[in-house]
Amino acid sequence: MLAGVLHQIMSGLATGGIYASVALALVMIYQATHHVNFAQGEMATFSTYIALTFINLGFPYWVALAGAVVISFVIGVTIERVLMRPLANAPVLASVGVFIGLLLIINSMSGFFFDYTIKQFPSPFPDHPMLGGYLSGHELGSTAVTLIVLISVYLFFRHTRLGLAMRAAAFNASSSRLVGVRVGWMLALGWGLAAGIGAIAGCMVAPVVFLDPNMMSGILLYAFAGALLGGIDSPLGAVLGGFAVGVIENLGGAYLVGTELKLTLALIIIVAVLIIKPSGLLGRRVYSRV
Amino acid sequence: MTNMGTSARTPWLVAVLALIGTVWPLIGFSNYHLFQLTLVVVYAIAILGLALLTGFNGQISLGHGAFYAIGAYTTAILMTTWNLPYWATLPVSALVCALVGFLVGLPALRLEGLYLALTTFALAVAVPQVLKYKLFDNYTGGVQGLVIDKPEAPFGLPLSPDQWLFLFTVAVAVVLYIVAWNIVRGRIGRAMMAIRDHAMAAEAMGINLPAVKTSAFALSAMYTGLAGSLGAIAVQFVAPDSFNVTVSLFLFVGLIVGGVASIGGTLIGAAFIEFVPNLADLVSKAAPGAVYGVILIAVMFLMPAGVGGGLYMLWRKMARGNAVATEQPADPGVAPLSTRPAPRMTKT
């Protein structure tokens, strides 16, 4: 029993890492623009297809992954510059509309270019169980990759000039502009980074859930839940929230509701957080003047 | 107020158009085209429900497919398990959906703009799972779903089942549209729009915010649920996978294309989501989604009041001359987008 619980927690942490990455991508965009990117999941799926294309062309796994990340970065920057820029001060409904449009377009593009059949995606990690049988090689490897990503993002924002400028642009756009930060490009970079992180998350989850155009829709939901649980304006909160949701999902799926209602569990987490503590665990409370 | 109610003649004009729009297909259309047209009317009702909530009350829902599914399943279960006739399931379905809508509306009171969109999106994604859940298998038929019989024309009317179904759906739709039109133009509708445009000011003027918002949710869910019932009767089949997230998204697309706060626009939006996939499917399986997405974004950028709102403005321009139209470029009922405050979570 205890070993079972421990096993569930461990693999919960492994999937939680994926949710944490996607949640981080969501929060990065939210912090800077107050938009929730409903297309984040589809973008990650598309990036995963790009990686698979590279692999099928014969590139080594890590080169393919890097290539997908770079291309996703460019796509993210382009989307921001072309579509999101005019929406800076648009009402909620307009931004939601554009994001849903984006979701539909990217989903169709995945289906069009890479067809709708479910595909296998290779894992670069060994196939045998590790850590005394608690984790598969892929789970351990993907957790390590997500942790590396999360730590590098943290270091980037904390200890580089560019990271500082991006934080400044998100925190107070007009003041940053006055001290010479190119706010527009910082937001675009943020989008690029978010898309790149999404690409890695997609490649890490694809060996587990298999690749099809709708692969990420469920994962996006957990990422939403994680981001809200941790506080949608707190990157650290989003990461912790993502891990927490992974564990809750696994334990709940194993002992509470069964695997068939896992998505409903995400919905319940979302509603519960928004009603009980809308700012999340680590988020700032937002007051608005009227 | 709405895009039709400017002169005393308009109701007659609409009535005559509706009559022509009903009789001509009945006589001249093949059964398949009638079936498609029935679905247009069904989607129009569903989008009207969404418009009442999102367009007129400002609560963004990306999960109305859930109510559509609940309505469809209520009808299907009542018809298969309890052998109720199709028409008798409609009041029950309306009641069930209104109740569920009210219950969903309660937490929605605390969720603003983006957060409500996010939560309802989650609802939409979760729906098929709940429908497949094995505890309800006996009623819902699980993954296989339920098959229901096609209603025959009553009283020995010389109509084919498709003709009768079209007539029946149109009749229900006419009642629902008249009710919606009157609600929107009346006291409740004004309260709904006041909340949409400035919640706090509306409250200061004595509008009971929670009551109006939850009622709007219940009303909206009832409309979309009834559409689900009629859709289930028309298609004669319900299954979990026909109610996945795309239903919700397509209703949203139809709403935006028709015009968020335009009652007549719902018909345009419905025709759009019924016929565009058929046309786009000729190109490729992926095309409908892409076309929807592109048009959705294009409408957002170029025609924020939707095709319905855009046509209405054009019509007013032609009717009254450019001078007047430029003085009053946008009707408050059709152009809510520009007046809404920026997305923020209010906590007061």
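Since we're looking at a predicted model, the values are computed, not measured.
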### Message
I'd like to know whether F301(B) forms a side chain to side chain contact (heavy atoms under 4.5 Å, CB included) with L83(A), so could you lay out the CA-CA distance, the side-chain angles of the two residues, the decisive distance to 0.1 Å, and finally the verdict.
### Response
CA-CA 9 Å; F301(B) 278 108; L83(A) 280 182; 3.9 Å; yes
### Message
Is L220(A) close to chain B through its backbone or its side chain, or both, or neither, when contacts mean heavy atoms under 4.5 Å?
### Response
side chain
### Query
Can you name the closest pair of heavy atoms from M300(B) and V98(A) and give their distance?
CB-CG2, 3.9 Å
### Query
Where on L109(B) is there a heavy atom nearer than 4.5 Å to chain A: the side chain, the backbone, both, or neither?
neither
### Message
Tell me if the CD1 atom of I118(A) is crowded by more than 12 foreign heavy atoms within 6.0 Å.
### Response
no
### Query
Between P107(B) and I275(A), what is the shortest heavy-atom contact and its length?
CB-CD1, 3.1 Å
### Message
Ignoring hydrogens, what is the shortest heavy-atom contact between L267(A) and A122(B)? Give both atom names and the distance.
### Response
CD1-CB, 3.6 Å
### Query
Should we say atom CZ of F171(A) is surrounded by more than 12 heavy atoms from elsewhere, each under 6.0 Å from it?
no
#### Entry: Residue pair F250(B), L104(A): steps toward the side chain to side chain contact (heavy atoms under 4.5 Å, CB included) verdict
CA-CA 10 Å; F250(B) 286 2; L104(A) 292 168; 4.1 Å; yes
### Query
What do the steps show when you test L228(A) against L118(B) for side chain to side chain contact (heavy atoms under 4.5 Å, CB included), and what is the final call?
CA-CA 10 Å; L228(A) 289 170; L118(B) 209 153; 3.9 Å; yes
### Query
Out of curiosity, I270(A) CD1 to T119(B) OG1, how far, rounded to the nearest 0.5 Å?
6.0 Å
### Task
Select one option (side chain, backbone, both, neither) describing which atoms of V253(B) are under 4.5 Å from chain A's heavy atoms.
side chain
### Full working for side chain to side chain contact (heavy atoms under 4.5 Å, CB included) between V96(A) and F121(B)
CA-CA 11 Å; V96(A) 170; F121(B) 182 75; over 6 Å; no
### Segment of I100(A) engaging chain B (4.5 angstrom heavy-atom cut-off)
both
## Note on the structure
d(F99(A) CZ, L62(B) CG) to nearest 0.5 Å is 12.0 Å
### Task
State, to 0.1 Å, how close I105(A) and A290(B) come at their nearest heavy-atom pair, and which atoms those are.
CG1-O, 3.9 Å
### Query
Between atom CG of N107(A) and atom CG of L249(B), what is the distance when rounded to the nearest 0.5 Å?
9.5 Å
### Task
Please report the closest heavy-atom contact between F252(B) and G97(A), naming both atoms and the distance.
CE2-CA, 3.7 Å
### Message
Could you report the tightest heavy-atom contact between S217(A) and V125(B), atom names first, then the distance?
### Response
O-CG1, 4.4 Å
